[in-house]
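Let me begin by presenting the structure, written as structure tokens, before commenting on it.
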Amino acid sequence: MNALGSLLLAATDAGGFWLPPQASEQAADVDWLFWFIFYLCTFFFVLIIAVAGYFSWVYRRQTPDQAPLPSPEHNTPLEVFWSVVPLVLVIYIFYVGFTGFMHLSTSPAGSYTIDVVAQKWSWSFRYQDGTVPLDGKLHVPPGEPIRLVMSSQDVLHSLFVPAFRVKQDIVPGRYTTLWFTPKPPPGTEPVEYLLTCTEYCGTGHSAMMTQVVVHPTRASFEAWLGAQVPEPTIETGERIYRQLCASCHNIDGPVGQGPNWRELAQLLQAGGARTMTDGSSVVVDEEYIRESIMEPQARIAAGFQPVMPTFKGQLKEPHIGGLIAYIRTLAQ
Ligand code: HEC
Ligand SMILES: [Cu+2]
């Protein structure tokens, strides 16, 4: 496509000056309607300005005492023409928009489903085997419909992937879904596209973004998924903390829904004991932490509500090892 073409249409796989690349099967249809409306408006804008300019020149007052010309009579054929033409155009736009909307609202049967949880101010993704990617990115296989089942931990958010041309609100207290078919990347490397929150959700809103990683093949996606059991490192623990635990556990400062982790770390280091709601006391060691994560309802620390969800199935042994390693660093 020549330079003018790409400037005007800008609707290519590679993206252009005006729009990001069309990285999903659905993108081209969305763009088509966008450009149709855009050029239609441009056409009528130029037409109206040109005619208005022409008339104001041709019918300008030529001498200071010239009287206004009589207004023309009403013209039925002309009025029918300028009512019916826009009506047909608007019906056509509605038809294309509505069928496109219905198509994007209903995911095909057998779509690959991924759960998405939005919270102030991060995204977390959970795969059907319970894997939560620790890089915080949404990894997807190419060429097949992907269905996101989305929920919010707190306020209204909205998931937007500009390169896929899909966007959907995430409303507290209900599930919403979104689907798309990522195009296979041109090369053999995974390609990343921006995924961002597009509903103002508080002071951290502008930082609530991550990437969609489209793998070149289904096999490379499967290999990535299989390798998600990480090393039990401090960084692993810290990342899990930020993604899954920080909403309830602060490190310092005001006590959230759960105990502060500085205090927990100091108890762990000193071999101190924690009093439970039933009055018993438990030595805080690695096994207590492990149990608190896998079976939080087994023993409830005094002064707290039994609100912590179990992470059984979601966190594997290396995750817990990483969390404990991270908690140990907080003892100072
Ligand atoms: C919905 C809020 C919530 C989330 C999210 C949460 N916790 Fe908790 N957690 C609690 C509450 C409340 C308690 C205290 C009651 C209890 O013992 O179950 C607690 C207790 C604990 C304890 C025992 C602490 C102590 O000082 O006795 C550990 C360890 C723990 N959580 C680890 C985690 C980890 C690890 C995560 C993230 C993977 C996590 N929690 C996520 C609410 C939460
Ligand atoms: Cu948000």
Side-chain angles (χ1 to χ4, degrees), residues 116-124 126 130 132 134 150-160 167-172 176 195-210 232 234 236-251 255-278 280-328 330-331:
V116 177
V117 177
Q119 67 181 88
K120 293 191 286 186
W121 290 282
S122 65
W123 299 99
S124 69
R126 199 172 66 226
V132 175
L134 294 169
M150 310 188 292
S151 60
S152 166
Q153 294 265 355
D154 37 52
V155 299
L156 192 59
H157 299 278
S158 183
L159 187 146
F160 183 30
K167 175 158 112 173
Q168 173 65 52
D169 278 7
I170 306 172
V171 184
T176 51
L195 182 161
T196 181
C197 181
T198 181
E199 185 70 55
Y200 181 68
C201 56
T203 51
H205 166 68
S206 58
M208 189 169 163
M209 54 173 78
T210 177
I234 294 170
T236 304
E238 186 175 359
R239 237 179 292 158
I240 299 172
Y241 167 73
R242 274 195 264 105
Q243 275 193 7
L244 300 175
C245 321
S247 52
C248 295
H249 293 283
N250 289 335
I251 292 173
V255 178
Q257 289 196 64
N260 275 7
W261 275 13
R262 182 83 63 201
E263 187 199 352
L264 175 69
Q266 282 156 356
L267 287 173
L268 177 66
Q269 192 183 44
R274 163 79 85 205
T275 309
M276 298 293 129
T277 36
D278 63 5
S280 64
S281 116
V282 181
V283 173
V284 173
D285 57 9
E286 286 75 5
E287 183 47 31
Y288 168 71
I289 292 181
R290 187 177 189 290
E291 183 198 88
S292 299
I293 299 170
M294 297 313 223
E295 277 154 52
Q297 307 299 325
R299 289 184 279 197
I300 307 294
F304 293 93
Q305 298 297 316
V307 292
M308 177 164 155
T310 176
F311 290 92
K312 210 178 203 164
Q314 178 172 2
L315 295 180
K316 304 182 177 119
E317 292 308 322
H319 298 126
I320 295 176
L323 277 165
I324 290 174
Y326 173 60
I327 290 169
R328 285 196 187 117
L330 303 174

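Because the structure is predicted, anything quoted here is derived from the model rather than measured. Atoms within each ligand, like the ligands themselves, are counted from 1 in listed order. Just so you know, these numbers use all the heavy atoms, side chains as well, and skip hydrogens, waters and symmetry mates.
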I need the nearest protein heavy-atom contact for [atom]: residue, atom name and distance, please.
atom                    : value
atom 11 (C) of ligand 1 : Gly258 CA, 3.6 Å
atom 27 (O) of ligand 1 : Tyr288 OH, 2.4 Å
atom 26 (O) of ligand 1 : Arg274 NH2, 2.4 Å
atom 21 (C) of ligand 1 : His249 CE1, 3.4 Å
atom 17 (O) of ligand 1 : Ala301 N, 3.1 Å
atom 5 (C) of ligand 1  : Leu244 O, 3.4 Å
atom 13 (C) of ligand 1 : Pro259 CD, 3.5 Å

**Study point:** Positive for side-chain contact (heavy atoms from CB on, under 4.5 Å) with Met308, one of Pro296, Cys245, Cys248
**Key:**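 Among the candidates, only Pro296 passes.
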
If you measure from each non-hydrogen atom of [X] to ligand 1, which part falls under 4.0 Å: side chain, backbone, both or neither?
X      : result
Glu263 : neither
Cys245 : both
Ile293 : side chain
Tyr241 : neither
Tyr326 : neither

Determine yes or no for a side-chain-to-main-chain donor-acceptor pair under 3.5 angstrom, with [X] supplying the side chain and [Y] the backbone.
X      : Y      : value
Arg328 : Gln269 : no
Thr176 : Asp169 : yes
Thr277 : Ile300 : yes
Ser158 : Gln168 : yes
Asp278 : Ser280 : yes
Trp261 : Tyr326 : no

Point to revise | Note: Lys167-Glu199 ion pair, threshold 4.0 Å (strictly below) | key: no

**Study point:** Met208 and Lys120: CA distance, side-chain angles, deciding distance, side-chain contact (heavy atoms from CB on, under 4.5 Å) verdict
**Key:** CA-CA 8 Å; Met208 189 169 163; Lys120 293 191 286 186; over 6 Å; no

Hey, which atoms in ligand 1 end up nearer than 4.0 Å to a heavy atom of [X]?
X      : value
Ser292 : 22 (C), 23 (C), 28 (C), 29 (C)
Pro296 : 18 (O)
Cys248 : 1 (C), 2 (C), 3 (C), 4 (C), 5 (C), 42 (C), 43 (C)
Gln305 : 12 (C), 15 (C)
Leu264 : 24 (C), 25 (C), 26 (O), 29 (C)
Leu315 : 38 (C)
Leu323 : 35 (C)
Gln257 : 11 (C), 12 (C)

Practice item. Kindly confirm whether atom 8 (Fe) of ligand 1 is within less than 2.8 Å of some N/O/S atom in Met308? Key: yes

Check your understanding: So with a 6.0 Å cut-off around CD of Glu317, is the heavy-atom count from everything else above 12?
Key ->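 Yes, because the 6.0 Å sphere around CD of Glu317 holds more than 12 heavy atoms from other groups.
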
Practice item. May I ask you to decide if the ring planes of His205 and Tyr200 are parallel, tilted or perpendicular, using 30° and 60° as cut-offs? Key: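 Ring orientation of His205 relative to Tyr200: perpendicular.
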
Review point. Can you list the steps and then say if Tyr288 with Arg274 is a side-chain contact (heavy atoms from CB on, under 4.5 Å)?
Key: CA-CA 10 Å; Tyr288 168 71; Arg274 163 79 85 205; 3.8 Å; yes

Practice item. Report the distance from atom CH2 of Trp123 to atom CD1 of Ile170, rounding to the nearest 0.5 Å. Key: 4.0 Å

Check your understanding: How many angstroms lie between CG in Leu330 and CD1 in Ile251, if you round to the nearest 0.5 Å?
Key ->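 Nearest 0.5 Å value for the CG-CD1 distance: 5.0 Å.
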
Practice item. Tell me whether Cys197 has at least one N, O or S atom under 2.8 Å from the Cu ion (ligand 2). Key: yes

**Study point:** Test item, Val284 contacting ligand 1 (heavy atom, 4.0 angstrom)
**Key:** no

Review point. By atom name, which N, O or S atom of His157 is the nearest to the Cu ion (ligand 2)?
Key: ND1

